[in-house]
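Step one of this worksheet: look at the structure below.
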Amino acid sequence: MYELVVTLILISLGYFFGRRAERKHYKSIIAREKIMNSLPAMASRMPPQDGNYDQMLVSGSVVIANDYFKMFVAGLRNLFGGQMRSYETLLDRARREAVLRMKEKAKSLGAEMVFNVKYESSNISGQTKKKPPIIEVHAYGTALRKI
Amino acid sequence: MFISNLEFMTGKKVIKHLGLVQGSSVRAKHAGRDIMAGLKNLFGGELKGYTELLQESREEATNRMIEQAQATGANAILNVRFSTSSITAGAAEIYVYGTAVILDGLD
């Protein structure tokens, strides 16, 4: 009985705080993406051949955790199968945040564009099943600055 | 030391390839950070302590790679790749590798 109450409290806390945090995060991502649109990041491996460029390795990373409510919902979803939207938004947020951080670093170095962008994501919470997953996303690429 | 994850540098020629260089670092989470992260875990969101920890770890791995490249006499590392693997709960390994080269006209 006691355990059930604690779990319910955790789920409702996760629901309220998690939802608020996610909404806030998405708002800030969209606002910053608009600013950073002037600095394109590309997966292409061939930088423009005209002119001389300085090349620098830039990277951005973020560690993000799912809230308790989403973990609970995902657990239910696991029984029936299908799309797990709570994890999709988590990874989407992490990827976009990592790229934004990379671009911010490139901008502070005076670069014009970022080439050969690679993503790398890993679960760093270990094999514990009871805890919500902690995911790290790391984005890196080569920033080009015109000489 | 010049580092890039492209396979060449615009306007510079590779004189000599010196082979693969690598660096790695394994770091465990700090207990204080772990407790804060545990709280944050309930509500979701970014775990800043871990972000910093992994960044430091990545810098250390990169520095080790640079040391190795300097020992071979290279002045640049091209085609750099990162990889992360979680070893046990609470520790992660960061691995960086790339090709050490000597570029023309670079000090």
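Below, chain A is the first sequence line, B the second, and so on; all start at residue 1.
Looking only at heavy-atom pairs under 4.5 Å with chain B, the residue among A:Pro48, A:Ser61, A:Gly18 that has the most is A:Ser61. With chain B as the partner, the residue from A:Leu90, A:Thr142, A:Ile64 showing the most heavy-atom pairs under 4.5 Å is A:Thr142. When each of A:Pro47, A:Ala21, A:Ala94 is checked for heavy-atom pairs under 4.5 Å with chain B, A:Pro47 comes out on top. Chain A forms more heavy-atom pairs under 4.5 Å with one residue of B:Thr62, B:Leu54, B:Val80, B:Asn5 than with any other, namely B:Asn5. Looking only at heavy-atom pairs under 4.5 Å with chain B, the residue among A:Ser122, A:Ala143, A:Ser59 that has the most is A:Ser122. Heavy-atom pairs under 4.5 Å with chain B peak, among A:Glu97, A:Lys118, A:Arg45, at A:Arg45.
Clustering ILVMFWY residues whenever any of their side-chain heavy atoms sit less than 4.5 angstrom apart, transitively, puts A:Val73 in the very cluster that holds A:Leu10.
Contact check on A:Glu112 versus A:Arg145 returns no salt bridge, with no Lys/Arg side-chain nitrogen under 4.0 Å from an Asp/Glu carboxylate oxygen.
The part of A:Glu136 that comes within reach of chain B is its side chain, from C-beta onward, which places non-hydrogen atoms under 4.5 angstrom from that chain. Only the side chain of B:Arg58 comes within contact range of chain A, with heavy atoms under 4.5 Å apart. Heavy atoms closer than 4.5 Å to chain B are found nowhere in A:Arg19, neither backbone nor side chain. Within the 4.5 angstrom heavy-atom criterion, only side-chain atoms of B:Phe2, from C-beta onward, approach chain A.
When atom types are taken as modelled, the side chain of A:Glu120 and the backbone of B:Thr84 share a donor-acceptor pair closer than 3.5 angstrom.
A ring-centre distance under 6.0 Å is not found for B:Phe82 and B:Tyr95.
Rounded to the nearest 0.5 angstrom, A:Lys107 NZ and A:Met102 CE are separated by 13.5 Å. How far CD1 of A:Ile135 is from CZ of A:Arg93: 10.5 Å, rounded to the nearest 0.5 Å.
Side-chain contact check for A:Gln83 and A:Glu88: at least one donor-acceptor pair (N or O, by modelled atom type) lies under 3.5 Å.
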